[in-house]
Number of protein chains: 2
Amino acid sequence: MTPLSYALLGLVRQLPRSGYALRKVFETTPLGGYSSSPGSIYPALKALEKAGLLETRGSASHGKGLYHLTPGGERALNDWLGAPIGDLGEAMLRFAFLPDDDAHAIHSFLDRFEQAASAQAQGLGAFLAGDGSDGMSMKARLAVEHGRHGLQASVDWARWARRQFGEADRGGSG
Amino acid sequence: MTPLSYALLGLVRQLPRSGYALRKVFETTPLGGYSSSPGSIYPALKALEKAGLLETRGSASHGKGLYHLTPGGERALNDWLGAPIGDLGEAMLRFAFLPDDDAHAIHSFLDRFEQAASAQAQGLGAFLAGDGSDGMSMKARLAVEHGRHGLQASVDWARWARRQFGEADRGGSG
DNA sequence: CCAACCATGTAAGCTGTTACATGATTGA
DNA sequence: TCAATCATGTAACAGCTTACATGGTTGG
């Protein structure tokens, strides 16, 4: 179960699709960072079908059928969505597939994401302040600072995102 | 030639080292994001030696020798350092290994890095503003915004880094 | 008929990960 | 001697990329 597999499960839960339609999503959105080309997507779909997490039902206009989530797939997706945050990139993918109606899950995620990003940023700060970075060139230090700034941007994003939901909850369009 | 290969060449140019010493660098610095464990580093070193980019000379206190850069390795490293910027993560790795004394190369790099990050940020902005993002959930949009914020942080970092070099050039410690 | 695109699939090759296998040396 | 650490290596496996293969359909 790679990030790509979960992205496929998440997309299929949103809307049952054909393999081709799924490929198009990766080709036309920033989700493309998780894959590209048939060589990864079709085998991944086959594996998910074999594992009983997806099944093909109904039939598109001409070709085969559309992939649907099985109960097992639903479970696997939910387990993944609820798992503790490790890699921040994977966490962001998860965020995009959190259920729309579960405000608690969303806020809980943002809290944990901010904590994880903050901890990693502090880790880099400690590295730069400590003796591990002795003898490093100025450029190498600046490269580490780049990572730190990026993590700080994640922290700031989490706070900003919480505000967005707050505004949406209060009825943004009025 | 993967990013890991170039990281090894860059480290060896800084200071000839044994395979074990190189591994330790990856284990004890943020460079660890590019590898981990002997399973990738030792084979990569063997491949670089076979390709004539590294050679083992001299001898450490007990074990084998130390890896040194060959003229071919020097050339390969310089080619890589001067290549156009594509992936920003790889670019940052390159930045860390730019020659310390080449102020022109450093400023040129920061210019190009800022441009690349800015262009990518604008690409995401256009995606969010255009019809490609129609029908996306608010969370999916926010996830894209996260990417945009991170790229903006890269742009800001590049400007900040230029100032750091400006101060260093004027003699920062006085 | 030919070109182009829809739609799916497979095979070869590269990298990296995990986990295990050596041996040498150092300290209790 | 036992455990730990130094120092190197390998074998099995997973995943992705590139590139090619296969058919159907649409339009000139």
Side-chain angles (χ1 to χ4, degrees), chain A residues 1-9 11-12 15-28 30-51 53-68 76 80 86-87 89-90 93, chain B residues 1-9 11-12 15-28 30-51 53-68 76 80 86-87 89-90 93:
Chain A
M1 295 299 294
T2 74
L4 173 59
S5 307
Y6 289 114
L8 291 170
L9 292 181
L11 286 171
V12 165
L15 183 75
R17 288 178 236 236
S18 67
Y20 187 74
L22 288 164
R23 250 185 70 201
K24 285 294 166 192
V25 174
F26 285 93
E27 277 177 7
T28 59
L31 210 56
Y34 286 95
S35 161
S36 75
S37 73
S40 51
I41 291 177
Y42 287 113
L45 285 170
K46 287 288 155 199
L48 289 170
E49 197 172 8
K50 201 168 176 179
L53 307 182
L54 288 181
E55 62 184 3
T56 60
R57 285 209 312 260
S59 61
S61 31
H62 30 359
K64 315 281 180 74
L66 300 177
Y67 285 101
H68 287 248
W80 177 65
D87 176 69
E90 191 194 341
L93 179 65
Chain B
M1 295 298 295
T2 74
L4 172 59
S5 307
Y6 289 114
L8 291 170
L9 292 180
L11 287 171
V12 165
L15 183 74
R17 287 177 236 236
S18 68
Y20 186 74
L22 288 164
R23 251 185 70 202
K24 284 296 165 191
V25 174
F26 286 92
E27 278 177 7
T28 59
L31 210 56
Y34 286 95
S35 161
S36 74
S37 72
S40 51
I41 291 178
Y42 287 113
L45 285 170
K46 288 286 155 198
L48 290 170
E49 197 172 8
K50 201 168 175 180
L53 307 183
L54 288 182
E55 62 184 3
T56 60
R57 286 209 312 259
S59 63
S61 33
H62 30 357
K64 316 279 180 76
L66 300 176
Y67 285 101
H68 287 248
W80 178 66
D87 176 69
E90 190 193 341
L93 179 65

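No hydrogens, no waters, no symmetry mates; every other heavy atom, side chains included, goes into these values. Below, chains carry the letters A, B, ... as their sequence lines are ordered, and counting in each starts from 1. Quantities reported herein were computed from a predicted structural model and do not represent experimental measurements.
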For atom NZ of B:K50 and atom P of C:dC14, their distance in whole Å: 11 Å
Who are the ring pair (Phe, Tyr, Trp, His ring centres under 6.0 Å) partners of B:Y6, not counting sequence neighbours? B:W80
Contacts of A:E90 meeting salt bridge (Lys or Arg N to Asp or Glu O under 4.0 Å) (sequence neighbours excluded), chain-then-number -> none
Those residues that, when tested against A:T2, pass side-chain contact (heavy atoms from CB on, under 4.5 Å) (two or more places apart): A:L4, A:S5
Among C:dT17, C:dC6, D:dT17, the one nearest any side-chain atom of A:Y20 is C:dC6
Measure CG/A:L48 against C1'/C:dG9 and give the value in whole Å, please. 16 Å
Spacing between B:I41 atom CD1 and D:dC6 atom C1', to the nearest angstrom: 15 Å
Whole angstrom value for the distance that separates P of D:dA7 from CZ of B:F26: 17 Å
Whole-Å gap separating P (C:dT8) and CG (A:L22): 9 Å
Scan nucleotides 10-16 of chain D nucleotide by nucleotide, 5' to 3', and note B when protein non-hydrogen atoms come under 4.0 Å of the base, S if they reach only the sugar-phosphate, - if neither. B----SS
Can you measure A:L8 atom CG to C:dT8 atom P for me and round it to whole angstrom units? 13 Å
Among residues at least two apart in sequence or on other chains, which ones pass salt bridge (Lys or Arg N to Asp or Glu O under 4.0 Å) with B:R17? none
Sub-4.5 Å side-chain heavy-atom contact between B:L31 and B:L93: yes
From CG of B:L66 over to P of D:dA7, roughly how many Å is that when rounded to an integer? 11 Å
Atom-pair distance (CZ on B:R23; C1' on C:dG16), nearest Å: 15 Å
Show every donor-acceptor pair shorter than 3.5 Å between a side-chain atom in residues 21-28 of chain B and any protein atom, with sequence neighbours excluded, or say none if there are none.
| unit_1 | atom_1 | unit_2 | atom_2 | d |
| --- | --- | --- | --- | --- |
| B:R23 | NH2 | B:E27 | OE2 | 3.3 |
| B:K24 | NZ | B:Y20 | OH | 3.3 |
| B:K24 | NZ | B:E27 | OE1 | 3.2 |
| B:T28 | OG1 | B:K24 | O | 2.8 |

